[in-house]
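Quick notes on the structure that follows.
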Amino acid sequence: MEDNTNEGGGHFIDQIIRSDIASGKHGGRIHTRFPPEPNGFLHIGHSKAIILNFELAAKYGGMTNLRFDDTNPAAEETRFVEGIKEDIRWLGYDWDDREYYASDYFPTLFEYAIKLIKKGKAYVDHSSPEEMSKMRGTPTKPGQESPYRQRSIEDNLELFHRMQAGEFEEGECVLRAKIDMSSPNMHMRDPVMYRILNTPHHRTGTKWKIYPTYDFAHGQSDSIEKITHSLCTLEFENHRPLYEWFIRELEIFPSRQIEFARLNINYTVMSKRKLLQLVKEKHVDGWDDPRMPTLAGMRRRGYTPQAIRNFILKLGIAKRKHIIDLSLLEHTLREDLNNIALRRMVVIDPIRVVISNFPEHHEEAMPADNNPRDPEAGKRTIQFTKELYIERADFMVDPPSKYHRLRPGGFVRLKHGFILQCEHYQQDSEGKIIEVTCKYFPESKSGSDTSGIKVKGVIHWVSAKYGVPIEIRLYDRLFNDENPLGHADRDFLEFLNPDSLKLCTNAIGEPSILEANKQDRYQFLRNGYFVQDTESTPGHLIFNRTVTLRDSWSKKQK
RNA sequence: AGACCCAUAGUGUAAUGGUAGCACUCCGGAUUUUGAUUCCGUCAGUCUAGGUUCAAAUCCUAGUGGGUCUACCA
């Protein structure tokens, strides 16, 4: 990781770590973890946690564990475990053999619970969820103690073992920590440590009848793994006293929880529940729909891991809530793509152009850089022919002022080609342009122009003879609203962008596109950055638009 | 309104008691065989009120505004 912070600088977590190292805490050892629950796919928000944990540990010579927080069998699936691992690797991080599961610790956690029971710090409660809720009180009113709170240690021990033995139904009883029912912090009002769940677990099957809650699993797992700095998002701030209470009462390794603000980006949603809803209700085409903010979706869309990493590193880490402009993400994306993308010419919405004075079977070979920013990317040769296609938007009969493209009688340069002058055009009965006839200037060949003609506009084109058909998928933001979840009176689905996907099935690309590799990134000149879709085949090429080029022209038109 | 957390240009983030800086966005200009890229420039900020101090974005107090918490989710 590039450390562009000054000595003594860095974000607040970096500073905490540095001061811990300075004071010799844990012998100067740094160990972090990324702890996803395998109940869905990772999204860009998770990448902030991933990058933070992995980069910070690496910066100080420490390690990062991958730990699946799988304490709720009802939501978790093995396919999500696999998906999450793939996404983390794609981002470029490696946890070596340190792949752990909270479920691996069920036996230890069980012993921890017994230790607390023996200390008189935990009890089995037969209250119903409704009763417990009622007795918990409110933030301003203290709760009441459960009638089961004073059971003897022996009874609690026996009851807890019977819970695990399957002698009780789901919901019949729970194990609670005995803390303080009048604490101003609701999480300290005798939180539930264990509940009975009959759903089989994706790893432990039906071995366990009882499952620890987040609060009785997360910190303990950190401690078991000797995690020094347990980084989590702000909504767990109120859990920290409980996190520390368990560690203290259990007398186990003192991991430290530190909270930071989670990532939010405008024009999208970042809640797993909402993303699941989009998938289930088929507003999108699965978790890897290129419009989704999931890493799988962004990968399919053509985002690079480098762009995502740069984006996250530019954000910084703090405790303020924020909503990042999508434009920053797009900026880092274009920045990376601009360096690596191979340039190609593709006409998305073609109109035919015939060059009247170009000899019938003549062809002219035009050399073209694959990437002007990277000489090592090499060159390709494009055949210039009598008939070709240009973009429909690049010809206008009656254009606005400062339009630099083709118009009746007007001139334009074809990129890597010749200068053209429009002679006439044909329309159908509805006024739609069918064909444009131009003459070309033989001395104006790209690279050796002696024609002396100056033109303002340069447009892309594809030979009609050699062009290959491709399908283009143009993506736009999934939502029209900056903060779809930010309206108390309206459902976020109301803000779905009806134009978030535009299918273009008539596109024509220069033939070199046939050599495309799935992982290659392209810039289709003047049309944006593209990547081959996962569904693309040699017989049916499909390209996704990752992001547009910046466009000051259409902006000006408004 | 009980506890806890947060407050710096439009957005995000630095400045750790000593010149408020950077990036993105916006706007303008130069270059350009991509209306792209590249380069240059403009606009724009410490929530409020007190206090401490030679000196406060920074420390203290109060206020204001926002957030989190009342699952047997994580």
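Predicted model, so just to flag it, every value in this text is computed and none were measured. In what follows, chains carry the letters A, B, and so on, assigned in the order in which the sequence lines appear, proteins first and then strands, with residues in each chain numbered from 1.
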Aromatic ring proximity [X]/[Y], centre distance under 6.0 Å:
| X | Y | result |
| --- | --- | --- |
| A:F441 | A:F411 | yes |
| A:F384 | A:F418 | yes |
| A:Y243 | A:H239 | no |
| A:F524 | A:Y529 | no |

A:F106 side chain reached by A:T204 side chain, heavy atoms, under 4.5 Å: yes

Close side-chain approach of A:V412 to A:H404, heavy-atom, < 4.5 Å: no

Base, sugar-phosphate, or nothing: which does [X] touch, judged by heavy atoms less than 4.0 Å apart?
| X | answer |
| --- | --- |
| A:K454 | nothing |
| A:H239 | base |
| A:L234 | nothing |
| A:T138 | base |
| A:R373 | sugar-phosphate |
| A:G447 | base |
| A:R405 | base |
| A:K415 | base |
| A:V174 | base |
| A:H322 | sugar-phosphate |
| A:D551 | sugar-phosphate |
| A:I323 | sugar-phosphate |
| A:S127 | base |
| A:N72 | sugar-phosphate |

Is the shortest side-chain N/O distance from [X] to OP1 or OP2 of [N] below 4.0 Å?
| X | N | answer |
| --- | --- | --- |
| A:R176 | B:rA71 | no |
| A:H187 | B:rC69 | no |
| A:R320 | B:rU11 | no |
| A:R334 | B:rA36 | no |
| A:T71 | B:rC73 | no |
| A:S183 | B:rA3 | no |
| A:K555 | B:rC26 | yes |

Span that lies between the [atom1] atom of [M] and that of [N], in whole angstrom:
| N | M | atom1 | result |
| --- | --- | --- | --- |
| B:rA56 | B:rU52 | P | 11 Å |
| B:rC5 | B:rC72 | P | 25 Å |
| B:rA9 | B:rC4 | C1' | 30 Å |
| B:rG63 | B:rG28 | P | 47 Å |
| B:rA57 | B:rU31 | P | 43 Å |
| B:rC27 | B:rA49 | C1' | 36 Å |
| B:rU8 | B:rU46 | C1' | 4 Å |
| B:rU48 | B:rU64 | C1' | 7 Å |

Provide, to the nearest angstrom, the distance between the [atom1] atom belonging to [X] and the [atom2] atom belonging to [N].
| X | N | atom1 | atom2 | result |
| --- | --- | --- | --- | --- |
| A:L276 | B:rA74 | CG | P | 16 Å |
| A:F41 | B:rA74 | CZ | P | 20 Å |
| A:W553 | B:rG35 | CH2 | C1' | 8 Å |
| A:E482 | B:rG10 | CD | C1' | 10 Å |
| A:N310 | B:rA23 | CG | C1' | 12 Å |
| A:E259 | B:rC69 | CD | C1' | 13 Å |
| A:D369 | B:rU33 | CG | C1' | 12 Å |
| A:F12 | B:rU13 | CZ | P | 11 Å |

Pi-cation contact, A:Y267 with A:R477 (under 6.0 Å, within 45°): yes

Using purine N1 to pyrimidine N3 plus N6-O4 or O6-N4 for Watson-Crick, or N1-O2 and O6-N3 for G-U wobble, each under 3.5 Å, what pairs with [N]?
| N | result |
| --- | --- |
| B:rU11 | B:rA23 |
| B:rA62 | B:rU48 |
| B:rC54 | B:rG18 |
| B:rU70 | none |
| B:rU33 | none |

Spatial distance of atom CG (A:D325) from atom CG (A:N266) [nearest 0.5 Å]: 5.0 Å

5'-most by nearest nucleotide on RNA chain B - A:I317 or A:N338: A:I317

Among [options], the nucleotide that comes nearest once only the side chain of [X] is considered:
| X | options | value |
| --- | --- | --- |
| A:D325 | B:rG10, B:rC72, B:rU34 | B:rG10 |
| A:L315 | B:rG35, B:rA74, B:rG12 | B:rG12 |
| A:R550 | B:rU37, B:rC24, B:rG12 | B:rU37 |
| A:N238 | B:rC24, B:rU34, B:rU68 | B:rU68 |
| A:L328 | B:rG2, B:rC24, B:rU37 | B:rC24 |

Candidates A:I382, A:L388, A:V347 - the one meeting side chain to side chain contact (heavy atoms under 4.5 Å, CB included) with A:V462: A:V347

No-H, no-angle donor-acceptor pair, A:R526 side chain to B:rU34 base, under 3.5 Å: no

Donor-acceptor pair under 3.5 Å, A:S133 side chain vs B:rU70 base: no

Check against side chain to side chain contact (heavy atoms under 4.5 Å, CB included), A:E76 and A:R203: CA-CA 10 Å; A:E76 296 148 8; A:R203 294 185 80 239; over 6 Å; no

Anti/syn call for B:rA55, syn if |chi| within 90°: anti

B:rA74 pyrimidine/purine six-ring stacking with A:Y214, under 5.5 Å and 30°: no

